[in-house]
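It should be emphasised that the depicted structure is a prediction, and the values quoted were computed from it without experimental measurement. Numbers for residues simply follow the sequence, beginning at 1.
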Amino acid sequence: MTNADMDNPAPSRDYHNYILLAAGLLFALFVLWDRTGPEDASQAAPLSSYVGTASQRVEAPAPSQAASAPVSTPEFIRKVALSDMFEIQSSRLARGKTDPGALDYADQMILAHQKTSAELKGLIEGGKVRGEIPQALDDAHKQKLARLTSLDGQAFRDAYITMQREAHQDAVSLFSAYARNGDNADLKNWATTTLGELNHHLEMARSLK
């Protein structure tokens, strides 16, 4: 090997492959440009529009069906009556398990849900709504009441507050659904009117500590 050969080594096979690949890409781009024209090429959609951005590719959560599903009149009456009974009975229990003034919220719930119970009963007895009011708690509410009965002190207070928040969130969803899709005009109007008070109760429950 001469000194000239050492100063100018022959290009490697990888270098040749790289040149060929680059030439192929340039040719492909030229063909694409020739077919679409310069104006179309400049207005071509970005790659993200085809494959989506990272945030777009994340599967969106399914909309809640509980808040929008229609509720029949008999089912609405049953759930409202059970909710009122549980609110009254659990809040009476709270009155007996806490010091006077320690949980005034319970007194307010007793009065408020006695009122809604009387209003619902009046709609049915007045013939504006056809339905049947249950006379006793169902098993699910009985179990909750039994759990509260077994607790005392801070454990009772914590459980009572948690149940109040859950119960009023369920009530707000129930009344909202019937106010939108109810099939009885008088009951639908009552649900709409009562909804504001229930939202207030929910905020009160959330503020308890």
Side-chain angles (χ1 to χ4, degrees), residues 60-121 123-124 129 131-182 187-209:
S64 173
Q65 296 180 354
S68 59
V71 182
S72 68
T73 293
E75 182 69 2
F76 178 72
I77 292 172
R78 185 185 74 83
K79 288 185 174 181
V80 170
L82 289 173
S83 176
D84 280 343
M85 279 191 284
F86 177 74
E87 288 293 331
I88 294 168
Q89 293 183 35
S90 62
S91 295
R92 283 175 176 167
L93 192 60
R95 287 288 76 222
K97 283 180 173 284
T98 57
D99 296 331
L103 204 57
D104 291 337
Y105 168 89
D107 289 332
Q108 298 180 53
M109 291 305 102
I110 293 170
L111 294 174
H113 288 280
Q114 285 176 336
K115 175 176 175 288
T116 52
S117 292
E119 290 172 349
L120 180 61
K121 185 178 180 181
L123 287 170
I124 294 174
V129 180
E132 210 172 305
I133 296 177
Q135 301 303 309
L137 291 174
D138 60 0
D139 290 341
H141 287 92
K142 285 179 181 177
Q143 291 174 8
K144 291 181 179 180
L145 197 62
R147 179 165 180 263
L148 288 175
T149 303
S150 68
L151 299 174
D152 290 295
Q154 189 62 42
F156 170 84
R157 184 182 179 89
D158 292 343
Y160 174 76
I161 291 173
T162 297
M163 290 184 189
Q164 285 297 306
R165 290 171 180 169
E166 293 173 350
H168 281 98
Q169 182 61 68
D170 290 344
V172 167
S173 298
L174 175 65
F175 275 71
S176 296
Y178 198 86
R180 284 193 302 269
N181 304 310
L187 193 59
K188 188 175 181 179
N189 182 61
W190 178 72
T192 303
T193 303
T194 308
L195 189 55
E197 187 175 1
L198 290 174
N199 273 307
H200 178 58
H201 293 170
L202 177 59
E203 292 305 313
M204 291 172 63
R206 286 173 173 170
S207 69
L208 293 173
K209 297 179 180 178

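A pairwise comparison of heavy atoms in Ala81 and Leu120 identifies N-CD2, 4.4 Å as the closest pair. Closest approach of Leu198 and Ala171 over heavy atoms only: CD1-O, 4.1 Å. Pairing each heavy atom of Ala205 with each of Tyr105, the nearest pair is CB-OH, 3.6 Å.
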Applying side chain to side chain contact (heavy atoms under 4.5 Å, CB included), run through Ile77 and Glu132 and close with a yes or a no.
CA-CA 7 Å; Ile77 292 172; Glu132 210 172 305; over 6 Å; no

One pair to check against side chain to side chain contact (heavy atoms under 4.5 Å, CB included): Met204 and His168. What are the steps and the verdict?
CA-CA 10 Å; Met204 291 172 63; His168 281 98; over 6 Å; no

Chi angles and distances behind the side chain to side chain contact (heavy atoms under 4.5 Å, CB included) call for Val80, Trp190
CA-CA 12 Å; Val80 170; Trp190 178 72; 4.0 Å; yes

Determine, step by step, whether Glu166 and Gln169 satisfy the side chain to side chain contact (heavy atoms under 4.5 Å, CB included) criterion, reporting the C-alpha distance in whole Å, the side-chain angles of both residues, the deciding distance to 0.1 Å, and the verdict.
CA-CA 5 Å; Glu166 293 173 350; Gln169 182 61 68; 5.8 Å; no

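Checked by atom type and distance alone, the side chain of Arg95 pairs as donor or acceptor with a backbone atom of Leu103 at under 3.5 Å. A donor-acceptor pair under 3.5 Å is formed between the side chain of Thr193 and the backbone N or O of Asn189.
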Only distances under 3.5 Å count here; give the side-chain donor-acceptor pairs of residues 153-163 to other protein atoms, sequence neighbours excluded, each with its distance to 0.1 Å.
| unit_1 | atom_1 | unit_2 | atom_2 | d |
| --- | --- | --- | --- | --- |
| Gln154 | NE2 | Asp158 | OD1 | 2.8 |
| Arg157 | NE | Lys209 | O | 2.8 |
| Arg157 | NH1 | Ala102 | O | 3.2 |
| Arg157 | NH2 | Lys209 | O | 3.0 |
| Tyr160 | OH | Ser91 | OG | 2.8 |
| Thr162 | OG1 | Asp158 | O | 3.0 |

Do any side-chain atoms of residues 134-148 form donor-acceptor pairs under 3.5 angstrom with protein atoms, and if so which ones, sequence neighbours left out?
| unit_1 | atom_1 | unit_2 | atom_2 | d |
| --- | --- | --- | --- | --- |
| Gln135 | NE2 | Ile133 | O | 2.9 |
| Asp138 | OD1 | His141 | N | 3.1 |
| Asp138 | OD1 | His141 | ND1 | 2.7 |

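For the atom pair OG of Ser72 and CG of Asn181, the computed distance is 12.0 Å after rounding to the nearest 0.5 Å. Taking CG of Leu187 as the start and CG of Leu123 as the end, the distance is 6.5 Å to the nearest 0.5 Å. With rounding to the nearest 0.5 angstrom, the OG1 atom of Thr116 is 7.0 Å from the CD1 atom of Ile88. Atom CG of Asp152 and atom NZ of Lys97 lie 3.5 Å apart (nearest 0.5 Å).
Residues Ser90 and Gln164 are in side-chain contact: their nearest non-hydrogen atoms beyond the backbone lie under 4.5 Å apart.
For the side chain to side chain contact (heavy atoms under 4.5 Å, CB included) test with His113, the passing option among Gln108, Met85, His201, Gln89 is His201; the others fail.
Between the side chains of Tyr178 and Thr73, at least one donor N or O sits under 3.5 Å from an acceptor N or O.
Summarising the local packing, NZ of Lys188 is surrounded by more than 12 heavy atoms from other residues, nucleotides or ligands at distances under 6.0 Å.
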